[in-house]
Structure formats: C-alpha cells, structure tokens
Amino acid sequence: MPTPYDPQAIETRWQQHWLDHGTYEVDNDDPRPPYYVLSMYPYPSGPAHMGHVRNYTMGDLLVRYRTMRGDGVLSPIGFDSFGLPAENAAIQTGIHPRTNTEANIEKLSASLRRIGAAYDWRRVVRSHDPSYMRWTQWIFLKFHEAGLVYRDTAPVNWCPGCQTVLANEQVLGDGTCERSGDIVENRDMEQWFYRITEYAQELLDDLDDLEWPNKVKVMQRHWIGRSEGAQFGLPVADTDGNARTDVEPVQVFTTRPDTGFGMTFAVISPEHPRLDELTTDDRRADVHAFRSALAGRSEIDRLSSEGGLDKRGIATGGRVVNPFTGQAIPLFAADYVLMTYGTGAIMAVPGQDQRDWEFAEVHGCEIIRTVQPPDDFDGQAYLGDGPAINSGFLNGLQVTEAKAAAIDWLEAGGMGERKVNYRLRDWLLSRQRYWGCPIPIVYCDDCGEQPVPAEQLPVDLPDDVEFMPTGRSPLTTHEGFLAATCPKCGGPARRETDTMDTFVDSSWYFLRFTDPWNEDAPFDPAAAARWLAVDQYIGGVEHAILHLMYARFFTKALADLGVAPDSVREPFARLFTQGMIRLGGVKMSKSKGNLVAPEEILDDQGADALRLAHLQIKPPQEDVDWEDFGIDGCAKFLARVWRLAEPGSPLAAGARHGDPTPADIDLDKATHRLVARITDEYDRWSYNTAIAGFMEFTNLVYRWVQADDGPHGPTLDAALDALLLTMAPAAPHLCAELWELRNGGHIHEQPWPEADPDKLVDDTVTMVVQVNGRVRDRIEVPADIDEAAAEAAALASERIAAHLDGGTPKKVIVRPPGLVNVVV
RNA sequence: GCGGACGUGGCGCAACUGGUAGACGCACCGGCUUUAGGAGCCGGCGCCGCAAGGCAUGGGGGUUCGAGUCCCCCCGUCCGCACCA
C-alpha cells in the first residue's frame, strides 16, 4: 500500500539515528584518509535563521558526500559565544550573558540538528568555556613572551554606543560602528596589540598558494598594502634656507623617489611629534588652532572630509631642504597626512601627484614636471611613464630606472634607503567589556606588568556582577576580580580588566577542534598535523579580511612558537564563500530585523525540501533573494521521488524481468550519466545544476515507467539506487528512509556509486548540420562516424540541399560526430 | 577615483574547454484521471508569423566556417577599497 511522504516522521527518526549511532563522529586514529570540512562557527543569537541554513546546508552536503567517497571526515561545530550583543542584552534585561548565551547555544544546536546537519557533537567548542578560555589566554601569554604582544598608547576608535574601542576594520567607511551604527570618536588610550605586521610579508606571499576565491585574495593583498619605495630625510632649513646639521632631518616615505627634483613642498601630519618644533613662532597660534580643530575627529571622518584643500592644510612657517635640489621648500601640516602610515610626513610633488597639484595651486607652491608627459597629454599631474626631465642626474631615465638611480644616490649620500612599507597595522585586541576572554595580566606597583602564570589559568570571569548602563565594564569595580597577587614578588597586584576582541577566539578554534579534550595543551601538534590545513572552509564573504587574516596570523605564529606543527603555516587550504540572503532587497540579518525563521517551513515541507530549495535556487556563491525561493517545488519533487521509490509503489507494479528492451538500455545509460554528472557537479560546487539533474532524471524515469512496456525491474532498481545514493548528501533524510525500506542498511554508510565508462557513450549521436552557421538539419549518425562519412551524410540531406539551392558548397567544416557546417 | 564580479524568456537561472541558446524550477495555458486537499499524471510555453521563415543572450563594432562564450568601445547593476604618500 502506498503511504504518503511524511517528512516530519522521517526527519526526526534519522536525526535521532545519527546522534545515537555517532554516525559523523570521527576519531584521530580513524583509518580512512582525513578530510576536514569546516563551516565558520556561528555567533549564538538564538535559533538558526535562513542565513545559517544556507551556510550549514552547503557544509553538510560536502561532509556527507566526502564520507560516502570514503574519507574520514572531521566535521566539527562550535559557538563564537563571547561578544557584545549578549552583554548589551544583559544591561537591558538583567539576565547574565552566560545564561542567555548558553540558552541560545541550545536553541541553535537544536536548529542545526533539525536541518539535518551532521557533526561530531563530542568536539563542540565554545569560546566562553573556561576550558577554551584557558588556552586562549595561554596563547596570549606565549605571544607575550615572544614579543608578539605589546601595550601602547594609541589613538583609538571609540564607539560611544558600544562603550569600547574598535579595530579599524570594525569602523565602516562612513565613520560609523559596524555594530551599533554610532559615529566613532578618536581617543588616546592604553591598549593591547598583537604584532601582526611582523607577518605582513608572509601573509602576502602565502596567499599565492591558497585555493581561495580570487576576490578574497585581492582584498587581502590590498589590505596588507605593500608598497616599495624609499625613506629619506629632509634636513630642516635655517632662516637663510641652508640645511641645519644640529637637528635631525624630517623623515619621509615615498614610492616615487624618481620625482624628488619636483618636490616643491612637504607636508607633515598634525599629530607629528615634531610639529611644534618645526613651526615658527608667528604661525604657532594658527597651527595649534588647526590641530585642535581636528582633535576628537576620527581618522575615517577626516579622510572622508570633503573640505577644500585650502581648509585642510596650513603653513607651519618652517622650511625643509629638498636634498635633490638643495633648495629650501615650505613645510605644511595637513589632515590627510596620517601619523599611522609611513613616517607621518611626505614629500609633495605636484607635477606627478594630482592632490599635490591641487594643494600647490591653492597654497601658491611651484609646480615642476619631472616626468615628460606625452605630446597629447592635457591633464594636470602626470602619473604615467616617461623620461625624467628637470631632474639633474636622472634626466632621460624612464620611471623604473630613475627610481633605482634615485635610491642608489640617496643611499650613497647616507640620506636614506630603500624601504618597503605596509598598510597593514597591528591588531588592537583589547576591549573594555565584560563578556570576553580576560587578558591574563596583573599590574604590581613594584614589578609592573606581569603575566599570570600558566598554572593559574584560566583567569575566569566572576559571575556575581551587575550590568549597569554606566559604560564601564563591571570588571573595573569588582573587588574580587581586581585583587591579585604579583607572581614575581608575591605582593598585592591589580588585575587587567580589559578582555579580548572576539576575533581572538575565532583565530584558533579550528585548531582546538582537532583535539578539544586536551587538558595539557591547546591541542596536540600531531592532531593538528593530521587534520590541518582545513580542506574546505565555508563561510560568508564578510569575513574575507578580518577573521581570515587574523586566523592566518595566529596559525603562522603558533607554528613559529612550536605550539603548532611547522607543516601547518596556513589554516584553510580551500575557501568557499557562499552568498547572503536578501529580503526586500536588503541583507537578511538580526540587526535589520528581517529574519525569516525556518521553523514553519521545517514543520510543513520539511528539512530536505528547505535544503533542496537553498541548493537549487542559484550558484552557491551568489546572493539570493528570499522572494525567489521555491520551497513548494522542491517539496513536490521529493514527494514525487517518494511515490516512485517507496516499496509497493503502483508505478513499479508489474515490473518486467528478463531481457531489457532498447528503452531499458537507454534508461540504464541515463543512470550512469547521472552518476558521472552529479559527481562532477558536487566536486565543482555546482549544486544548483545537480538538483536540476535529479529532477531531470526523475522525470525521465517517470516517463519510462509509464510507457507501454512498463518498467524493467532490475533497471528500475539500479536507477533508483543511483538516484538515492547521489541525492543522499543533498536530501539526507528522504534518501536514508527510502534506502532502508528498499535495501536495508544505512545509505550514508554506502560507498559512492561509480559510473561505468562504457555506458557513458552512445552508439549514435544527433549530428547538427548547419548552412552558413545556422542549424538546418539534425541527423542521427553512428558515434564513430569519420569525417568523410559525416560530410556525405550532411550533403545527402534534403533540407540541406534545399538551403543550398543548387549552389556548390564553398567549404565544409566537419567536426565528427556532432557537427557539419556547410559554407556557401 | 581604483580594483573585482556581472548583464540570457514573465521570473530564478542552464549552456564546464567557441560548435543544437533557454536545461531544471516557478508562473501561465491545455488535456487526462468524476479530482473539493496548496492533489496527481501527460503535454505546451523566447519574440514576430497561418506557415515557410525571420529575429533574439544590455548596446555598438571586430576576429572566426561558427560567438552568450574571445577582443575593442559604450551603457547599466552589484560588491570591495577609498585622499596610503
């Protein structure tokens, strides 16, 4: 008797089965070839939303597919459980972030199980877990010991809404906080930094070997921002315009040392420590006023200001000497010169730099071209290549040679040197918040800053705190937390109250997954060596820069410190960035308040239908509009498969046995083509066309089954087995159920099917015959037809003859067996 | 401004290396099953045309026997970086 497709019953049963049997648990000594699939661990904000479903469906498909291919797949899940939202919620509701977060983790875990995502749940890692925090702190201390951590006063991005500092990367282009949307201010504060710039070159070089989307690599390269040039000194001029030897020259960095003869003024940053010294008395009041006006404005705000260059720069009255010409030139201060990039001072060459050109015009500076523009050039500053002019010993050299010659000259004269500069800055990791991993440092009046001894880790967060909207972390007033003992002298000490940026937690969780039970080390190097690099990392493109850069830095540093094996210098060998989901044209997110919860769909059409809809709609790397989803179509398709494949299906009634008919043989070939096609499409992440393949094949089987001859039993069984096996990674529950009913056993433990190459080729093919490139006829020909026979067959066609209209072919292009093109 | 991706029916999209444009799904239309549940099965469906045929992959040019695919110019959409010396 046919039974209706009941996704609820099937899905609940199999999800329980996978948990009970530990189907996707894998041990570190598993004999199968290791394969590590990782979807970025989520921030637990509550039950899963559609973005999660999309992300974790992609990952799950790969986990199940690789498992059937025979790999021992490591498929862990964890939770990025520290962070601002939980603490902000605590201030509003009074509920402790831990309570709230752990409840959310439960909800999210349940959601993930309900969409059928398969994980090794024994390996769960939670950022806020003391057993994880302990090692986050331990790594901090390791880095501290190695000089990769330092403390410094720095102008920082302060978000008044979040009441904490932000990394540069967390400030959006319009000067607002990526999280709260508040306008970010500039403040000087004592902060902790990771010395990521130490790895700038390696981070840049190693990108080449990664199988990552090119887009992401380009973004990282730009972020690192390597530029080659020269750094040299501009001597300070005395009132007569001569170089003073009693004061240090002002250092500048340039990528265009070849244009030095065109330097007609110089500009320093308003924050430059020598600004005051270089300003003349008569200009001091104006310069101070100028600098004060900038105070408190964030760097981003300054950089995006649209004021005219007259307002943005001011003469200091001081002069410096252009070492190329020996001439004294005026020194300006301008807001667009950043203290945090290069040396905080620049040489200005209006002839070859458009902004310098405009600045020179406004402030009445001389403009001298030092590169000959082409005759038809009618612009202002000329940035292209050409011979040097007005440049003394450089005259006649092209830009590249002139650069080298200029640097050689600077070095020979002891004035400067070749220099590589990076845009990348050190990672500001401290946050003035409670719900994060405490920085394991204490301050002793006598011994100063002291690391907490490893055996005292973790420095735990106290639970008995009150969350008040004061803007201050409760840690700063918690006596029990603050009171510490100096590990060096044993005297009283005060504990650091800053906690770490949550990007620290996510910079090594993929390593912890390899050995999450370890109590003696963050992970066993052998376990890391076995699983890393992650074979396939999956996540949103929004993490293209920050998270991925930080994780790469951590991996390299841990390898250098001997914590990770030296073979592991990159965390993620392959990266896939899947598209986001939009609703009403905007990104679906909690902050936008336009989340679609999957519950209703899971209750109604089921997880398999929802998964299929996510896979089918578009190529996985592209953004999708929720409005375009076709859940009903997918549910309909699954029910169609069910009716066809369930034991006792009326569609299979009266199946023939004995010799297969030609139609049976054709269907068998289609079965093998399906297997070959799906294998290829899974490997290429072409999931949308794979789903189309299942539908196409199912339609084919339906027509064949309902034809006059009826189905041939063995052919039908083989067809349905292949369909279920290949579809199992995409629709795991339905396929598991049907497989068990039909064959017994567990489909996800079956080997991946293989196509018989002999059955992938047909005896005959449809040959297209064109006249002048337009299709005029189609002829069935043997697949092994030769050129002469193909041409003859084409010319024998009546329709072709009609189109030739008595004329003789000028030329015949033959591409057997598929195509003949007759040119007249 | 710089860098990148992309533009194909009413809609989401397919066509991996230049070789049958529009697979698959949605929507729509028709038929069957006497079917009252958002059902099932079969078929149609780029545009113009009764047809033969013609026209079609943002627009314009080019290479080629043959271009959605390659090259040049233009238009448009989206994303990233934006005064980086």
Side-chain angles (χ1 to χ4, degrees), chain A residues 4 173 213-219 221-223 225-227 229 231 252-256 266-267 269 300 302-306 309 312 334-338 340-349 353-356 358-359 421-424 541-542 544-545 579-580 604-605 612-613 616-619 621-625 627-637 639-640 643 651 677 680-681 684 686 688-699 702-703 706 766-778 802 809-815 818-824:
Chain A
N214 196 46
K215 174 170 126 170
V216 176
K217 293 207 226 180
V218 167
M219 282 162 74
R221 281 194 193 101
H222 183 261
W223 194 259
R226 178 191 157 100
S227 57
Q231 182 175 322
V252 294
F253 172 74
T254 180
T255 56
R256 293 298 302 273
V267 189
S269 167
I300 304 240
R302 268 168 55 183
L303 292 181
S304 62
S305 80
E306 289 177 1
L309 286 170
R312 303 187 52 198
D335 64 358
Y336 64 79
V337 176
L338 313 175
T340 44
Y341 184 79
T343 60
I346 61 166
M347 68 176 207
V349 186
D353 183 284
Q354 186 59 26
R355 188 187 54 211
D356 290 348
E358 289 164 21
F359 194 94
N421 207 26
Y422 299 92
R423 204 183 76 116
L424 183 71
V541 74
E542 66 270 19
I545 298 174
M580 63 172 190
D604 195 4
Q605 291 104 326
L612 231 51
Q616 181 228 25
I617 182 161
K618 235 182 185 191
Q621 65 276 16
E622 279 169 47
D623 294 346
V624 291
D625 289 298
E627 289 86 347
D628 296 328
F629 270 66
I631 315 269
D632 285 335
C634 291
K636 225 168 88 177
F637 164 70
R640 202 164 143 85
R643 283 191 298 274
L651 288 160
R677 166 183 179 170
D680 175 56
E681 287 173 331
R684 293 170 27 226
S686 188
N688 53 330
T689 57
I691 305 305
F694 298 136
M695 293 176 168
E696 214 177 318
F697 183 72
T698 303
N699 292 342
Y702 258 80
R703 281 194 293 271
Q706 293 175 98
T766 306
M767 184 174 77
V768 171
V769 187
Q770 302 176 325
V771 176
N772 290 336
R774 317 189 72 95
V775 179
R776 296 304 182 185
D777 201 4
R778 282 152 221 227
K810 201 190 287 176
K811 196 170 171 188
V812 181
I813 311 283
V814 187
R815 293 283 178 276
L819 179 132
V820 173
N821 187 10
V822 183
V823 187
V824 286

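Just so it is clear, the values below take in all heavy atoms, side chains as well, and ignore hydrogens, waters and symmetry mates. Here the structure is a predicted model, which is why all the values come from computation and not from measurement. Sequence lines set the chain letters: A, B, ... in the order given, protein chains first and strands last, and positions in each chain run from 1.
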request  = Can you sort out the partners of A/S227 under side chain to side chain contact (heavy atoms under 4.5 Å, CB included), two or more places apart, ordered by chain and number?
outcome  = A/F253, A/T255, A/Y341, A/N421
inquiry  = Using the salt bridge (charged side-chain N to carboxylate O under 4.0 Å, His left out) criterion, which residues pair with A/D680? Sequence neighbours excluded.
reply    = A/R684
request  = Provide the distance between the two P atoms, one in B/G66 and one in B/G62, to the nearest whole Å.
outcome  = 12 Å
inquiry  = Can you check the distance between B/U57 and B/G46, where both ends of the measurement are the P atom (answer in whole Å)?
reply    = 16 Å
request  = Grab the CG-P distance between A/D623 and B/G12 for me, whole Å please.
outcome  = 14 Å
ask   = Once you round it to whole Å, what is the distance between P of B/C41 and CZ of A/F637?
value = 12 Å
inquiry  = Among residues at least two apart in sequence or on other chains, which ones pass ring-ring contact (aromatic ring centres under 6.0 Å, His included) with A/F629?
reply    = A/H614, A/W626
All side chain to side chain contact (heavy atoms under 4.5 Å, CB included) counterparts of A/K810, not counting sequence neighbours = none
task = Calculate the interatomic distance between A/Y336 atom OH and B/A85 atom C1'; express it in whole Å.
result = 9 Å
query = Given atom CG of A/L424 and atom C1' of B/C81, what is their separation to the nearest angstrom?
reply = 15 Å
inquiry  = If you compare every side-chain N and O of A/R776 against the phosphate oxygens of B/G53 (OP1, OP2), does one of them come in below 4.0 Å?
reply    = no
ask   = What is the distance, rounded to the nearest whole Å, between atom CZ of A/F359 and atom P of B/A85?
value = 18 Å
ask   = Mapping A/V541 and A/F253 onto RNA chain B by nearest heavy atom, which one lands closer to the 5' end?
value = A/V541
inquiry  = Holding to salt bridge (charged side-chain N to carboxylate O under 4.0 Å, His left out), I want the full list of residues that pass it with A/D604, two or more places apart in sequence or in another chain.
reply    = none
Polar pairs (N or O, both sides) under 3.5 Å between protein and nucleotides 30-37 of chain B?
none

inquiry  = Does B/C42 have OP1 or OP2 under 4.0 Å away from a side-chain N or O of A/Y702?
reply    = no
task = Drop me the distance from A/M767's CE to A/R778's CZ, to the nearest 0.5 angstrom.
result = 12.5 Å
inquiry  = According to salt bridge (charged side-chain N to carboxylate O under 4.0 Å, His left out), who are the partners of A/E542, at least two apart in sequence or on a separate chain?
reply    = none
task = Considering only atom C1', compute the distance from B/C26 to B/A14 and round it to an integer number of Å.
result = 15 Å
inquiry  = Taking the C1' atom in each of B/C48 and B/C32, what is the distance between them to the nearest angstrom?
reply    = 32 Å
query = Who passes side chain to side chain donor-acceptor pair (under 3.5 Å) against A/D623, sequence neighbours left out?
reply = none
ask   = Which value, in whole Å, describes the distance between the P atoms of nucleotides B/A67 and B/U63?
value = 11 Å
message = Please enumerate all residues that pass side chain to side chain contact (heavy atoms under 4.5 Å, CB included) together with A/R226, with sequence neighbours excluded.
response = A/Q201, A/L204, A/E228, A/V420, A/Y422
Nucleotide-resolved protein contact map, nucleotides 16-29 of chain B, B/S/- at heavy-atom distance under 4.0 Å = ---BBS-BSSS---
query = Hey, what do you get for CG (A/L424) to CZ (A/R221), rounding to the nearest 0.5 Å?
reply = 14.5 Å
request  = Look up atom CE in A/M580 and atom CG in A/D625, then write down how far apart they are to the nearest 0.5 Å.
outcome  = 8.5 Å
message = Nearest heavy atom decides the nucleotide; on that basis, is A/V823 or A/D604 closer to the 5' end of RNA chain B?
response = A/D604
Separation between the P atoms of B/G12 and B/C72, rounded to whole Å = 29 Å
ask   = Over how many whole Å does the gap from A/D628 atom CG to B/A14 atom C1' extend?
value = 16 Å
remark   = All heavy atoms of A/V812 vs all of A/V820, minimum pair found to be CG1-CG1, 3.7 Å
note = Rounded to whole Å, the CD1-C1' distance (A/I545 to B/G4) equals 13 Å
query = How many angstroms lie between CD1 in A/I617 and CG in A/L612, if you round to the nearest 0.5 Å?
reply = 12.0 Å
query = Just to confirm, is there a sub-4.0 Å distance from OP1 or OP2 of B/A85 to any side-chain nitrogen or oxygen of A/R423?
reply = no
message = Among residues at least two apart in sequence or on other chains, which ones pass salt bridge (charged side-chain N to carboxylate O under 4.0 Å, His left out) with A/D628?
response = none
query = Distance between the P atoms of B/G38 and B/C28, in whole angstroms?
reply = 15 Å
task = Whenever both distances are under 3.5 Å in a Watson-Crick or G-U wobble pair, mark it; put RNA chain B into dot-bracket that way, with [ ] for crossing pairs and | when the partner is on another strand.
result = (((((((..(((......[....))).(((((.......))))).(((....)))..(((((..]....))))))))))))....
query = Given B/C42, B/C84, B/C11, which nucleotide is nearest the side-chain atoms of A/Q706?
reply = B/C42
query = If we take the C1' atom in both B/U69 and B/G18, what is their distance in whole Å?
reply = 6 Å
key: Syn/anti state for B/G49 [syn: chi within 90° of 0]   = anti
ask   = Base, sugar-phosphate, or nothing for A/E542, non-hydrogen atoms under 4.0 angstrom?
value = nothing
Protein-nucleotide distance (A/H222, atom NE2; B/C2, atom C1'), rounded to Å = 8 Å
message = Taking 4.0 Å as the cut-off, does a side-chain nitrogen or oxygen of A/K215 come that near to OP1 or OP2 on B/G4?
response = no
